[in-house]
Peer 1: 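Before I ask anything, let me first share the structure, which is written out below as structure tokens.
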Protein chains: 2
Amino acid sequence: MTAIKESSTIQENKQYALEKCPVTFVMEKIGGYWKPIILWHLSSGMKRYSELKREIPAITEKMLIQHLKQLEADGLVIREAKPVVPPFVTYRLSNAGEGLLPVIQAMADWAFKVKDGEFL
Amino acid sequence: MTAIKESSTIQENKQYALEKCPVTFVMEKIGGYWKPIILWHLSSGMKRYSELKREIPAITEKMLIQHLKQLEADGLVIREAKPVVPPFVTYRLSNAGEGLLPVIQAMADWAFKVKDGEFL
DNA sequence: CATGATACATACTATAGGGTAAGTACTTGT
DNA sequence: ACAAGTACTTACCCTATAGTATGTATCATG
């Protein structure tokens with residue numbers, strides 16, 4: 001039954017969030033600073049690890065690989081490695097990852113509207 | 001000119017993010033754990049502070065007021081206080097805040113699709 | 001035999017965000 | 001006189017996230 005304790009932490013309330021707020025469910029997958037940027041760059045197609053590194057110069061390797069792993073674990077991106085040397089590894093969006101593109105697009109639309117002063 | 005330093009922190013790259021990734025611009029406004037939940041609850045109309053508190057039982061007063069202030073500062077919600085005692089304060093979405101509803105909706109749609117196994 | 005390229009891993013530190021607990025101001029009700 | 005309700009504020013702590021720096025395996029090439 002996994003009762004919810006009175007003293008509430010984020011961990012303990014994830015179930016609550018899933019039930020009551022699907023938005024938070026999404027934020028758990030693509031929240032944080034770098035994930036949306038990575039997804040944004042993968043939306044234009046499959047990329048090598050080193051390509052992503054070049055296209056997002058500000059990211060550190062630790063952040064890049066860490067978030068790629070998490071996105072993979074969450075089923076949003078697919079990693080494919082060719083057993084050659086030097087390594088050849090590519091990342092691309094899964095079906096679920098592509099399903100996020102409308103979200104990304106809605107965000108981008110809103111951002112541009114704000115910048116164009118459309119809400120003033 | 002505010003040149004961008006080589007050693008990059010999130011702060012220093014906010015400009016980059018705004019130019020290159022509108023998604024991050026959105027995350028800066030509604031990222032974090034509680035903001036989307038609050039917006040979600042405000043999407044059904046104007047609410048009193050105490051109503052929000054009741055509807056989101058897991059949130060602490062500190063978090064609630066802190067994020068309401070930030071959302072207000074970002075122009076996403078509008079605060080209205082009646083000069084009575086006990087205080088009567090309401091919060092509602094601004095135009096910009098309502099402009100986020102499609103984003104919220106797109107997120108919710110995706111979350112439900114994931115839960116329904118539509119991407120398997 | 002050292003260097004470079006690729007795709008990572010790991011140890012440590014710093015900062016931001018969230019959580020706990022308690023206090024404040026003002027007035028009505030008992 | 002005291003508690004209760006509303007909308008906060010403040011001080012302190014703790015953890016999750018981000019950043020810095022360095023190390024690893026493999027093979028090709030000079």
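All values below come from the heavy atoms of this structure, side chains included, with hydrogens, waters and symmetry mates left out. Residue numbering restarts at 1 for every chain, and letters A, B, ... go by the order of the sequence lines.
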Peer 1: About how many Å separate CG of Asp74(B) and NE2 of His67(B), when rounded to the nearest 0.5 Å?
Peer 2: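 Interatomic distance, His67(B) NE2 to Asp74(B) CG, rounded to 0.5 Å: 11.0 Å.
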Peer 1: I need the Leu68(A) CG to Leu42(A) CG distance, nearest 0.5 Å.
Peer 2: 7.0 Å
Peer 1: Measure from CD1 on Ile59(A) to P on dG19(D) and round the result to the nearest Å.
Peer 2: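 In whole Å, dG19(D) P and Ile59(A) CD1 are 8 Å from each other.
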Peer 1: If I take atom CH2 from residue Trp110(B) and atom NZ from residue Lys113(B), how far apart are they, to the nearest 0.5 angstrom?
Peer 2: 11.0 Å
Peer 1: Atom CD of Gln66(B) to atom C1' of dG17(C): distance rounded to whole Å?
Peer 2: 8 Å
Peer 1: For Leu64(A) and dG19(D), give me the distance from atom CG to atom C1', rounded to whole Å.
Peer 2: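 Rounding to the nearest Å, CG of Leu64(A) and C1' of dG19(D) are 14 Å apart.
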Peer 1: With a cut-off of less than 4.0 Å, is there a side-chain N or O of His67(A) near OP1 or OP2 of dA18(D)?
Peer 2: yes
Peer 1: Write down the distance between OH (Tyr33(A)) and C1' (dA16(D)), rounded to a whole number of angstrom.
Peer 2: 18 Å
Peer 1: With rounding to the nearest 0.5 angstrom, report the CD1 to CG distance, Ile65(B) to Leu52(B).
Peer 2: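 If we round to the nearest 0.5 Å, Ile65(B):CD1 and Leu52(B):CG are 10.0 Å apart.
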Peer 1: In whole angstroms, how far is the P atom of dC8(C) from the CD atom of Glu80(A)?
Peer 2: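 Going from CD in Glu80(A) over to P in dC8(C) covers 13 Å.
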Peer 1: Starting from P on dA18(D), measure out to CE on Met27(B) and report it in whole angstrom.
Peer 2: 10 Å
Peer 1: Report the distance from atom CD of Gln70(A) to atom P of dA9(C), rounded to the nearest whole Å.
Peer 2: 13 Å
Peer 1: Taking side-chain contact (heavy atoms from CB on, under 4.5 Å) as the definition, give me every residue that meets it alongside Arg48(A), ordered by chain and number, with sequence neighbours left out.
Peer 2: Ser50(A), Glu51(A), Phe88(A), Thr90(A)
Peer 1: Look up atom NE2 in His41(B) and atom CH2 in Trp34(B), then write down how far apart they are to the nearest 0.5 Å.
Peer 2: 9.0 Å
Peer 1: List, with names and distances, any nitrogen or oxygen atoms from the protein found under 3.5 Å away from nitrogen or oxygen atoms belonging to nucleotides 4-10 of chain D.
Peer 2:
| from | atom 1 | to | atom 2 | distance (Å) |
| --- | --- | --- | --- | --- |
| dT6(D) | O3' | Arg48(B) | NH2 | 3.0 |
| dT6(D) | O3' | Pro87(B) | O | 2.9 |
| dA7(D) | OP1 | Arg48(B) | NE | 3.1 |
| dA7(D) | OP1 | Arg48(B) | NH2 | 2.9 |
| dA7(D) | OP1 | Pro87(B) | O | 3.4 |
| dA7(D) | OP1 | Val89(B) | N | 3.2 |
| dA7(D) | OP2 | Ser50(B) | N | 3.1 |
| dA7(D) | OP2 | Ser50(B) | OG | 3.0 |
| dC8(D) | OP1 | Arg79(B) | NH1 | 2.4 |
| dC8(D) | OP2 | Arg79(B) | NH1 | 3.3 |
| dC8(D) | OP2 | Tyr91(B) | OH | 2.9 |
| dC8(D) | N4 | Glu61(B) | OE1 | 2.9 |
| dC8(D) | N4 | Glu61(B) | OE2 | 3.4 |

Peer 1: Output the rounded distance in Å from CE (Met63(B)) to C1' (dT15(D)).
Peer 2: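 To the nearest whole Å, that distance equals 13 Å.
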